[in-house]
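Input: a single structure, listed below in structure tokens.
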2 protein chains.
Amino acid sequence: MNCLDEARPLGAHAGCSHHVKGDDCRLCLIRPLSVCSALEPDEWASLEKLSTDIRFEERETLVREADDVVSLYTITAGVVRLVRTLHDGRRQLTGFALPGDFLGLSLERTWTFSIEAITPVTACRFGRASLMEYVDQKPHFLMRLHEMATHELSLAQDHMVLLGRLTAEEKLAAFLMEIRRRWARIEGHASDHIPLPMGRQDIADYLGLTIETVSRTINQMQRAHQLVIVPDGVRLLNIGYFEHLCP
Amino acid sequence: MNCLDEARPLGAHAGCSHHVKGDDCRLCLIRPLSVCSALEPDEWASLEKLSTDIRFEERETLVREADDVVSLYTITAGVVRLVRTLHDGRRQLTGFALPGDFLGLSLERTWTFSIEAITPVTACRFGRASLMEYVDQKPHFLMRLHEMATHELSLAQDHMVLLGRLTAEEKLAAFLMEIRRRWARIEGHASDHIPLPMGRQDIADYLGLTIETVSRTINQMQRAHQLVIVPDGVRLLNIGYFEHLCP
DNA sequence: GGTATGGTTTGATCTGTATCAATGCGAGTC
DNA sequence: GACTCGCATTGATACAGATCAAACCATACC
């Protein structure tokens, strides 16, 4: 294999196979999952001219909260976290972006969150100005962006319910089922093996918990034989248990 | 005054003056705050043909979660709550909509939350199909919808931080400052008098707290001379205190 | 092999908020 | 004026999850 092995999110998972080779959209395996799915084959070429491949190392910051939006990104391999930080250091992750996810939906002037690479990441980068021009010419592309934005909004509301009303155990179950569903979409099939490239602290900051509570809850689930902790994530033993906890 | 006095959100507040009189967009005082601000005067007439005024009583349900989207609404007077309910009855409010707010940004097939009138409400109602057609013809209108949706998304992220990382006292302070800011935009000037047409339970369900904690926290603030509880809301005595608590 | 290093787990204890249970209080209504 | 009815407030107590502290365990590096 001559693709960027290090940029794979995890183990045998997506990433390598989805890497956009040599900026050629025709070879892009995450295209059907991405914003580009709104376009016709003859339009890929025009969009391709606006984009370049870019790579970020683990822990690298793609953009900082309040930065001017210069570029927008589609993640093609790896995982990033979207972070809001309070003055006193408290953090809330508003999401994780996986291969196929588009960052910069808002078309606004400045970023409202930081984006940080959890694993090595490859992305397809668009200049803001040129993409804005493209949007002006292709109303159906704008419609696709709008659909994606309102879908995000609906997911954000789901997450508000999680943060405001679920218990620690329910939060963890909902989180694992969410990540499972998202990997399934990328891989084309669901698996009980859930890779978790993010650390416990990231999970805690996503779920509004502390790292200790996340660790304790996952280990409780293991002791109750609902899952097994494996080096790169978890393996679910009893999907019914997790489904039952997702209200 | 011959306008719908009962439909005013509260006391001397907006609502009456913003009522859309006889379906005439030219007389609509909330237009500059609403989705219509994206349009030119000669376009108001074309949009007006798609819309009718409609009125809802206090406690009436405008739409139910999972209902098909038949109509979209701009609130012209009164206040509604956006509600997600879990199977076991736990509730999370994802927001309040005030005069000028548009409901149905997503253009999706079904609603992802219920909408319930907290006060008597008047709204400008659009048929989904006809508005979709309108959107197809006016890309700049779609752009305005998209901007509004991504702004909502940013506010949703703010609320995630609140739900996940703030204390009860900080949540209440942030809530009061949010409502203050939104009334200020509607009224054209900020006031220390914050009308709160929603009950304590609604505030609790918006902030991820219980009604008792909301009550206790507000009364603590009163005992600390930071605000006074008045019949229809609160009056802030020390804005600095509240600003300081908003991280 | 030894030993830093960064993250994870585990234990003991504390506390902010929930829960349970009255009580209070204003607006309607008879 | 008395009596609901639907909130809101207040008090006593419980507990989920936070906090503080230590041990554990890979991995990387000398």
Side-chain angles (χ1 to χ4, degrees), chain A residues 6 10-11 57-59 79 81 86 88-93 116 118-119 162-175 195-224 227-234 245, chain B residues 6 10-11 57-59 81 86 88-92 116 118-120 162-173 175 195-224 227-234 245:
Chain A
E6 328 82 82
L10 266 190
E57 299 308 319
E58 197 172 331
R59 276 174 231 178
V79 179
R81 58 178 174 239
L86 300 179
D88 62 0
R90 281 176 286 179
R91 285 199 327 165
Q92 176 69 45
L93 301 210
E116 301 166 5
I118 287 174
T119 65
L162 179 148
L163 290 168
R165 289 298 179 221
L166 300 198
T167 64
E169 191 185 21
E170 290 170 329
K171 285 178 178 182
L172 254 303
F175 169 69
L196 298 174
M198 64 294 286
R200 297 287 188 261
Q201 187 63 61
D202 285 338
I203 299 177
D205 288 338
Y206 182 54
L207 300 180
L209 297 171
T210 59
I211 184 171
E212 293 95 333
T213 299
V214 169
S215 178
R216 270 188 252 273
T217 307
I218 293 183
N219 281 284
Q220 259 162 241
M221 288 171 170
Q222 177 164 242
R223 260 175 269 124
L227 56 71
V228 190
I229 299 170
V230 293
D232 62 352
V234 297
L245 276 177
Chain B
E6 328 80 83
L10 266 190
E57 299 307 319
E58 198 173 332
R59 275 174 231 180
R81 59 179 174 238
L86 300 179
D88 62 1
R90 281 177 287 179
R91 285 199 328 166
Q92 177 68 46
E116 300 166 6
I118 287 174
T119 66
L162 179 147
L163 290 168
R165 289 298 179 221
L166 301 198
T167 65
E169 191 186 19
E170 289 170 330
K171 285 178 179 182
L172 254 304
F175 169 69
L196 298 175
M198 65 294 286
R200 297 288 188 262
Q201 187 63 60
D202 285 338
I203 299 177
D205 288 338
Y206 182 54
L207 301 179
L209 297 170
T210 59
I211 185 172
E212 293 95 331
T213 299
V214 168
S215 178
R216 271 188 252 272
T217 307
I218 293 183
N219 282 283
Q220 258 163 241
M221 288 170 168
Q222 177 164 242
R223 260 175 269 125
L227 57 72
V228 191
I229 300 170
V230 293
D232 63 351
V234 297
L245 275 176

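Predicted model, so just to flag it, every value in this text is computed and none were measured. Chain naming here is simple, since letters A, B, ... match the order of the sequence lines and numbering starts at 1 in each.
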When rounded to the nearest 0.5 Å, the distance separating CG of B:L172 from CD1 of B:I218 is 5.0 Å
Taken in chain and number order and not counting sequence neighbours, the residues that satisfy side chain to side chain contact (heavy atoms under 4.5 Å, CB included) with A:E58 are A:P120
Say whether, by atom type as modelled, one donor and one acceptor occur between the side chain of B:T213 and the main chain of B:L209 under 3.5 angstrom. no
To the nearest angstrom, the CZ-P distance between B:R165 and C:dG16 comes to 16 Å
Open item on the list: Between B:Y206 and B:L163, is there a side-chain heavy-atom distance shorter than 4.5 Å?
Closed with: no
May I ask you to say whether B:R216 pairs ionically with B:E169, meaning some side-chain N is under 4.0 Å from a carboxylate O? no
Please list, pair by pair, any protein nitrogen or oxygen found under 3.5 Å from a nitrogen or oxygen in nucleotides 6-9 of chain C.
| from | atom 1 | to | atom 2 | distance (Å) |
| --- | --- | --- | --- | --- |
| C:dT8 | OP1 | A:R200 | N | 3.2 |
| C:dT8 | OP2 | A:R200 | N | 3.2 |
| C:dT9 | OP1 | A:R200 | NH2 | 3.2 |
| C:dT9 | OP2 | A:R200 | NE | 2.8 |
| C:dT9 | OP2 | A:S215 | OG | 3.0 |
| C:dT9 | O5' | A:S215 | OG | 3.2 |

Distance col, row A:L93:CG vs A:R91:CZ, nearest 0.5 angstrom, shows 5.0 Å
First and last nt of DNA chain D near chain B, cut-off under 4.0 Å to heavy atoms, 5' to 3', are D:dA8 to D:dA12
Between B:R223 and A:A168, the residue closer to the 5' end of DNA chain D by nearest nucleotide is B:R223
| request: Please examine the side chains of B:K171 and B:T217, heavy atoms only from C-beta on, and report whether any two atoms are closer than 4.5 Å. | output: no
Is A:D205 salt-bridged to A:R81, cutoff N-O under 4.0 Å? no
### Query
Under 4.0 Å: is that the gap between some side-chain N or O of B:T210 and OP1 or OP2 of C:dT17?
no
